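Read through the structure below, which is laid out as structure tokens, and then see the notes.
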2 protein chains.
Amino acid sequence: MTTMTKTKSANALPLNTILAGDCIEVMNSLPEASVDLIFADPPYNLQLRGDLHRPDNSKVDAVDDAWDQFSSFAAYDRFTQDWLAAARRLLKPNGAIWVIGSYHNIFRVGAALQNEGYWILNDVVWRKANPMPNFRGKRFTNAHETMIWASKAEGAKYTFNYEALKSLNEGIQMRSDWVLPICNGGERLKDDNGDKAHPTQKPESLLHRVLVGSTNPGDVVLDPFFGTGTTGAVAKMLGRDYIGIEREEAYRKVAEKRLANTRKYDREALMVSTSKRAEPRVPFGQLVERGMLRPGEELLSMNGRHKAKVRADGTLIGDDVKGSIHQVGAALEGAPSCNGWTYWCFKRDGKVVPIDLLRQQIRAEMAN
Amino acid sequence: MTTMTKTKSANALPLNTILAGDCIEVMNSLPEASVDLIFADPPYNLQLRGDLHRPDNSKVDAVDDAWDQFSSFAAYDRFTQDWLAAARRLLKPNGAIWVIGSYHNIFRVGAALQNEGYWILNDVVWRKANPMPNFRGKRFTNAHETMIWASKAEGAKYTFNYEALKSLNEGIQMRSDWVLPICNGGERLKDDNGDKAHPTQKPESLLHRVLVGSTNPGDVVLDPFFGTGTTGAVAKMLGRDYIGIEREEAYRKVAEKRLANTRKYDREALMVSTSKRAEPRVPFGQLVERGMLRPGEELLSMNGRHKAKVRADGTLIGDDVKGSIHQVGAALEGAPSCNGWTYWCFKRDGKVVPIDLLRQQIRAEMAN
DNA sequence: ACAGGAAATGAATCGACGC
DNA sequence: TGCGTCGATTCATTTCCTG
């Protein structure tokens, strides 16, 4: 009993809290395979990081800038590798990670992700609607940041709410370039002096799209570089649980206050459009069993070019082919595959109707 | 004298030619510090598994060429490091490099660039106006590719034609995200069978912006993965010298023919469609980049009293005036302001057409 | 010849489930 | 774990085809 409690306690996730400390140490203290999504906005101040994990450079013969850069890059790489490994241990097998960065660090982060065994799904460009201009006119306006979305491993069944994102985009498939304004105005948090509380606060619109797209309500979202808690705030609003890790007390304080004032959206607002894939499977044979189609009844192909007869066991028979609605459709069309539900039609009262309509009727009954 | 000749010969650059062979070996055979700009479109190391079909059951023509196959990340990294080192040796101290890639390879390329001592100036996102959708609804539409622009070393005085780019963008500072269509239609080169000559031909509009922005007339531009020679074609049109390196004979042949038919600013006649939609701002420079108007082409005023020439950066030059289409129109008319879009016309097939027609064409494409 | 609809196509790491 | 079956899934543009 005591052991049980202890075990439970040790494995219990500190949900909806902000943990203080170094993110690598804190992550390593949490139970493995317990988190659904990680969103990370790591530091990219390469030069300042040079002294954190500086490798032994005693036998270096070149003391030029190139080596300096390399030592700095090496330190950053080690830091990146360490926190990505700790993060990967935390992820459930079907979990995923998002990392955001700029050209200063994102290439090293992306390579490290691949080296650690993550499987990149997309890189997504946040195209800033109102970026700061390049005042010196020596380069292009730095108008975007890059996010990398990766699953824990190749072949993992990551979460992707395709239909919800498509709806967000007015019915068109969501692209890898997102046009969103930067965080300013009332959303930008201020400290007691009225200065911005954090130099790189991310807009909630960005996290909204990330979390709607790659988590479900009730999922656990961890942010190892919590800052002022944008990830937590949006997670809370969307009915997800969050875990924040932040080293700086000043940021934690701002985030605590922010989250205390954040409310979850109504349950209805959290409902998103789902894909057909999520709906229960209905065997075609059920339509015959229930008498919605009679054995011997003739079905017509969508394009009107083919026909086939329904058999009592829920298979079809056409010219020289028999099998499932899918197999017969594919064979007649000479196609590698075919969705028989949308391919075949039947006649009722002089009208030609797809058989998928009957499946929808059954599904509607099942939902009651 | 003989020595002189020999030295000269050894150091002479094979300008405006396509060299056959492995790019690393060829680059190492060329004199160091002799090239102003390198544009590289290396293999992306796509790791495709099975076939992919569209919802209509047609098969996607995948990039499965042998030149894109690497045994491991380590092998790809070695290759990347080697060609980047050879390229860097070729660059003049104030030279620069552009590399294009996708999430499959660009992070490794970016890290290698930094490791080799290059200094990243920007990452630039090519946002495709008409990308291929994600057919299975499992990820985001892969709607962009990433280019990295880097100088040979930190502190180098790289070329950046700020004003020219600003003019191309109708007076607004050029951003790090560029919206341009993919290469298809008449620009897409075909082989003798009528199939695409190269699976990944890049659009000339992309190279136009790169070369206008980061080279000057007379500069030497090298492309170690020349393919069908888009870099060379645009360089020639813009009055830059090019050197191409290509391993595959089939590609070299196509490129040779293409370049033989390329003239300074000589482009195919455009097709004008009159489809009319709504409002996004279209910079006049885009008409030039996209080849709808060619630099040097003459525009006529609506009333027939004035004329002006198009420049490569999207400005006009008339009698004693130069500037935007609006500025030049206003100056020539002695008016406080002028709508250049309705004021200026161009000639096609003997007919005089307002340039606004071209803007409408672009807007029709943009109205996504 | 022209208009309108159908077909083709582009750097793609593009299932889930049951037996 | 491997294999067979079910069945979900596309946007912009150009080129071809038919009337």
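Note on naming: letters A, B, ... go to the chains in the order of the sequence lines (proteins, then strands), and numbering restarts at 1 for each one. Please read these numbers as outputs of a predicted model, since none were measured by experiment.
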Discussion item. Given 3.5 Å as the limit, does a donor-acceptor pair link the side chain of A/Arg175 with the main chain of B/Asn142, or not?
Written reply: no
Item to complete: Decide salt bridge (Lys or Arg N to Asp or Glu O under 4.0 Å) for A/Arg359 and A/Glu279; before the verdict, give the C-alpha distance in whole Å, the side-chain angles of both, and the deciding distance to 0.1 Å.
Response: CA-CA 11 Å; A/Arg359 183 172 64 161; A/Glu279 295 181 48; over 6 Å; no
Discussion item. Return whichever of A/Ile325 or A/Lys166 has its heavy-atom-nearest nucleotide of DNA chain D closer to the 5' end.
Written reply: A/Ile325
Worksheet entry | Residue B/Asn184, side-chain heavy atoms: nucleotide from D/dT14, D/dG7, C/dA12 that is nearest | D/dT14
Fill in: Where B/Ala143 and A/Asp177 come nearest, the two heavy atoms and their spacing
CB-OD1, 3.7 Å
Worksheet item: To the side chain of A/Trp341, which of C/dA11, D/dG7, D/dT9 is closest?
Response: D/dG7
Worksheet entry | Nearest-angstrom distance from the residue atom CG of B/Asn57 to P of D/dA8 | 14 Å
Fill in: Residue that, paired with B/Arg252, satisfies side chain to side chain contact (heavy atoms under 4.5 Å, CB included) out of B/Lys257, B/Glu246, B/Arg247
B/Glu246
Worksheet item: Out of C/dG10, D/dT9, D/dG7, which has the shortest distance to the side chain of B/Lys196?
Response: C/dG10
Practice prompt. Identify which nucleotide among D/dC11, D/dG7, D/dA8 has an atom closest to any side-chain atom of A/Lys276, counting heavy atoms from C-beta outward.
Written response: D/dA8
Fill in: Aromatic ring pairing A/Trp178/A/Trp98, orientation class (parallel under 30°, perpendicular over 60°, tilted between)
tilted
Item to complete: With side-chain hydrogen bond (donor to acceptor under 3.5 Å, both in side chains) as the test, would you mind laying out the steps for A/His144 and B/Asp123 before giving the verdict?
Response: CA-CA 9 Å; A/His144 75 275; B/Asp123 58 337; 3.0 Å; yes
Response to the item:
d(B/Tyr242 OH, B/Asp223 CG) to nearest 0.5 Å is 11.5 Å
Worksheet item: Among D/dT9, C/dA11, D/dC11, which nucleotide sits nearest the side chain of B/Glu145?
Response: C/dA11
Item to complete: Would you mind classifying the nucleic acid contact of B/Pro42 as base, sugar-phosphate or nothing, using non-hydrogen atoms under 4.0 angstrom?
Response: base
Item to complete: Compare the minimum distances between each of D/dC11, C/dA11, D/dG7 and the side chain of B/Asp68, then state the nucleotide with the smallest one.
Response: C/dA11
Discussion item. Distance criterion of 3.5 Å, no angle test: do you see the side chain of A/Arg359 paired donor-to-acceptor with the base of D/dG7?
Written reply: no
Discussion item. Taking the minimum atom-to-atom distance to the side chain of A/Arg277, which one of C/dA11, D/dC6, D/dT9 wins?
Written reply: D/dT9
Fill in: Contact residues, residues 326-339 of chain A to DNA chain C [heavy atom, < 4.0 Å]
none
Worksheet item: Between B/Lys138 and C/dA16, is there a side-chain N or O to OP1/OP2 distance below 4.0 Å?
Response: yes
Response to the item:
Of D/dC6, C/dA11, C/dA12, the nucleotide closest to the side chain of B/Val60 is C/dA12
Worksheet item: NA contact type, B/Pro131, heavy-atom cut-off 4.0 Å: base, sugar-phosphate, or nothing?
Response: base
